Amino acid sequence: MARKRAHVSRSQKSNDNHPQKDQDVTLSQTPLSSLRGLLLLALMIGLCGFLFYPDISRLLKTLSSQKDKLIESGDPGLTESDKNSDLAKGDAEQDLEDEEKEDEDEYDLHGLEDDTEDAENILEKGKVAADLDSAEESTLGQEEGEFEVQESTLGQGEGELHPGLKFEEVHTESEHELEYEEFFLEEDKSNGHDSKPDKRNPPEDLMESELEEMQNETDELEVEVVDEFDESSPAQAGEIESGWKISGDESIITFGGNGKESTVLTSEAIDRSTRKHATQSKPKTSQENRSQSRDKPTKSQSSTSSKHKSSKSDKSKSSSNKRGESKSSKSKRNVASKTKTDPNLPADFKDFKASIVSMIDPKKTFIDGRRVPAVELLAQKPTNSSVKVYLFDEFLSEGEADGLMRAHDNHVAQASLYDPFICFDSIKTLRQHLKDARKKIKVTPNDFIEGTTCVNASFSLKLKKWFNGNWSYSTAFYPGESPFSTVLENRIHKAMGLPPSHGGKFQLTSYPVGKAYKTHTDCIVGGTDKRDRMASVLVYLNDVADGGKTEFPDLGIWVKPRKGRALLWNNMDKAGKCEPESRHEASVVKSGQKYILIRWYYHKNFYSLGKRPQEPVNPFRSEGQPRVSCDEYSQGSCRWYDEWGYDHLIEYERNKYTLI
Ligand SMILES: O=C(O)CCC(=O)C(=O)O
Ligand SMILES: [Fe+2]
């Protein structure tokens with residue numbers, strides 16, 4: 001309002017100027033007309049005086065006194081109306097001066113030049129300012145309302161929160177994000193051997209009481225505790241049914257829930273580079289190959305030496321011991337020769353850290369907002385065994401499990417463009433499989449590719465038909481090959497205590513209907529090499545309609561596959577001794593398919609652990625051609641792989657006198 005008043009004053013001043021000037025002109029003309037009148041009057045008096053002399057002298061006196069009066073009043077010839085207008089002029093001047101002063105005060109106040117347009121602009125600006133001022137005043141008057149506005153505006157602006165969200169909900173949401181970041185932060189630190197306390201997990205006592213509660217629900221969790229292992233289980237019988245169809249041609253799978261996308265590259269892309277490298281480099285000796293395969297004691301190594309509580313156990317122990325010694329002396333030679341060429345190889349192999357079983361530290365975690373408690377199976381059943389099995393439901397999200405299955409299917413589809421080479425741990429095993437296939441065929445060492453335990457291409461093709469695809473399928477991805485591998489190993493570390501530094505590859509396995517994996521231990525019973533599987537993490541990627549349970553016969557438990565459910569168990573005791581009671585089997589899939597992810601953690605880590613192995617050049621084969629490895633008949637099964645390990649060379653070394 002003050003500015004509007006200024007505007008009005010400004011226009012009044014301007015309009016008042018002209019009448020003032022007019023008035024000045026009128027004032028300057030008034031005395032001249034009076035003088036002229038006087039002269040005219042004098043002439044007439046002179047004439048009259050000449051005619052009427054005595055009257056004239058009287059008249060002159062009168063005129064003189066009138067003139068004196070006029071001079072005294074300062075306004076000769078001023079009429080009454082003139083006087084009035086003069087007075088008006090005095091008032092107007094005074095008013096004008098007052099107005100001008102007032103206007104000057106206004107303009108000075110606003111820092112304006114005498115310009116109407118500018119003034120109007122400023123008035124507009126001023127209006128905005130005034131509006132803001134009044135808005136401020138009004139919000140100051142209602143503080144609570146302001147906070148509401150600010151909160152909802154902030155939320156909308158960031159596109160995350162909704163105006164209607166309660167603070168509590170918003171808080172929870174951001175806390176999850178915080179947890180996720182903290183999680184990685186902590187993991188990073190722990191990778192750097194920083195053992196900070198876990199802020200996110202509740203105090204031990206609270207966790208324990210929750211665990212007890214969960215353990216009481218064991219039966220509802222479809223985990224059955226049985227007193228005796230059912231010897232007549234279909235898995236034991238090794239039933240064989242139909243084959244399995246595969247499809248899909250994507251090479252990169254992107255998946256992930258909760259806004260965290262992960263990509264799993266097909267191993268084909270990675271294989272291409274490693275294979276290129278392998279074919280360009282010199283053919284390796286079997287000793288060199290052996291040193292690279294150390295991250296993965298073969299099923300044969302495992303199964304041949306894991307005869308639980310049987311007379312074979314001693315035999316396998318002695319053979320394991322023998323293998324352990326020879327491997328260790330050979331490994332030293334290999335390390336020495338590798339040190340020269342590979343700068344990444346630590347100078348002293350012995351500096352690698354032993355991971356003891358007490359590192360297993362299962363606990364309740366929150367995974368992407370899901371509450372995932374660890375449930376110790378058999379917690380209430382007294383057992384002499386050091387082997388403990390833990391269960392974590394919803395360890396993987398549905399999206400993660402689906403993505404892994406898709407990635408696996410695609411790997412299998414790509415590698416299935418070729419018929420696999422089929423490899424056996426021994427001639428004996430091959431013969432037993434032929435017996436199962438009702439084939440009476442005489443097998444000789446000539447059927448094997450020289451220096452390997454793999455039968456030649458034509459014989460492999462025949463076996464493929466006779467065996468009717470009697471195997472499970474395994475593909476693998478390695479730590480660091482995809483963002484998801486890091487997410488997963490950190491998640492395992494968080495929930496189970498197993499350090500990423502001791503983990504091997506991530507193996508995805510599918511079992512078609514009728515397929516199983518016979519009872520075995522994941523470590524070598526009686527083995528002395530501590531670079532062996534200390535613990536196993538198995539995650540089911542789908543529900544299986546019928547069958548496919550994981551059974552621990554010595555512990556008397558079995559677990560039903562359930563999508564996202566993880567199992568953790570130790571294979572070794574605290575001293576690093578492979579526990580025979582850790583033996584387990586995958587029972588036959590009766591209906592549907594079964595998909596799992598498995599990762600083994602090693603008692604002692606080593607250079608090649610968790611690194612995708614370079615593919616051996618023997619046997620010579622097409623790029624991407626898969627292999628099937630059949631482990632010792634009684635305790636192993638056949639499994640198809642889309643990558644090549646060195647098992648077929650190691651087994652050859654071990655069994656060459658029975659193969660040749
Ligand atoms: O599939 C299962 O339930 C067990 C698999 C297993 O033990 C293995 O792959 O070593
Ligand atoms: Fe296993």
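We number each residue from 1, following the sequence as shown. Counting starts at 1 for both ligands and their atoms, following the listed order. Every value quoted in this text rests on a predicted model; they were computed, and no experiment measured them.
Both tests pass for Lys518 against the ring of Tyr633: distance under 6.0 Å to the centre and angle within 45° of the axis.
Listed by number with element, the atoms of ligand 1 under 4.0 angstrom from any heavy atom of Ile598 are 6 (C), 8 (C), 9 (O), 10 (O). Per-residue contacts place Ile596 under 4.0 angstrom from the following atoms of ligand 1 (heavy atoms of the residue considered): 1 (O), 5 (C). Less than 4.0 angstrom separates some heavy atom of Trp600 from each of these atoms of ligand 1: 10 (O). The atoms of ligand 1 that sit less than 4.0 Å from any heavy atom of Asp522 are 10 (O).
Put simply, the side chain of Lys594 gets close to the backbone of Gly548: a donor and an acceptor are under 3.5 Å apart.
In this structure, Asp402 pairs ionically with Lys563, as a charged nitrogen and a carboxylate oxygen lie closer than 4.0 Å. Under the 4.0 Å criterion applied to side-chain N and carboxylate O atoms, Asp554 and Arg583 are assigned as salt-bridge partners.
Polar contact with ligand 1: present for Arg639 (N/O pair, distance under 3.5 Å). In terms of polar-atom proximity, defined here as any N/O pair under 3.5 Å, His520 does make such a contact with ligand 1. Note: no N/O pair closer than 3.5 Å links Tyr540 and ligand 1 by distance alone. Residue Lys594 has at least one N or O atom closer than 3.5 Å to an N or O atom of ligand 1. Between Thr550 and ligand 1, a contact under 3.5 Å exists for at least one N or O pair.
Heavy atoms of Tyr511 approach ligand 1 to within less than 4.0 angstrom. Ligand 1 is never approached by Gln507 to a heavy-atom distance shorter than 4.0 Å. For Trp558, the closest heavy-atom approach to ligand 1 does not fall below 4.0 Å.
A donor-acceptor contact closer than 3.5 angstrom is absent between the side chains of Asp647 and Ser629. Side chain to side chain, Ser582 and Asp522 fail the donor-acceptor criterion of an N or O pair below 3.5 Å. Side-chain contact of Arg599 with Tyr601: a donor-acceptor pair under 3.5 Å is present, judged by distance alone.
A distance below 6.0 Å separates the ring centres of His584 and Phe552.
Cys423 has its SG atom at least 2.5 Å from the SG atom of Cys630.
The N, O or S atom of Asp522 lying closest to the Fe ion (ligand 2) is OD1.
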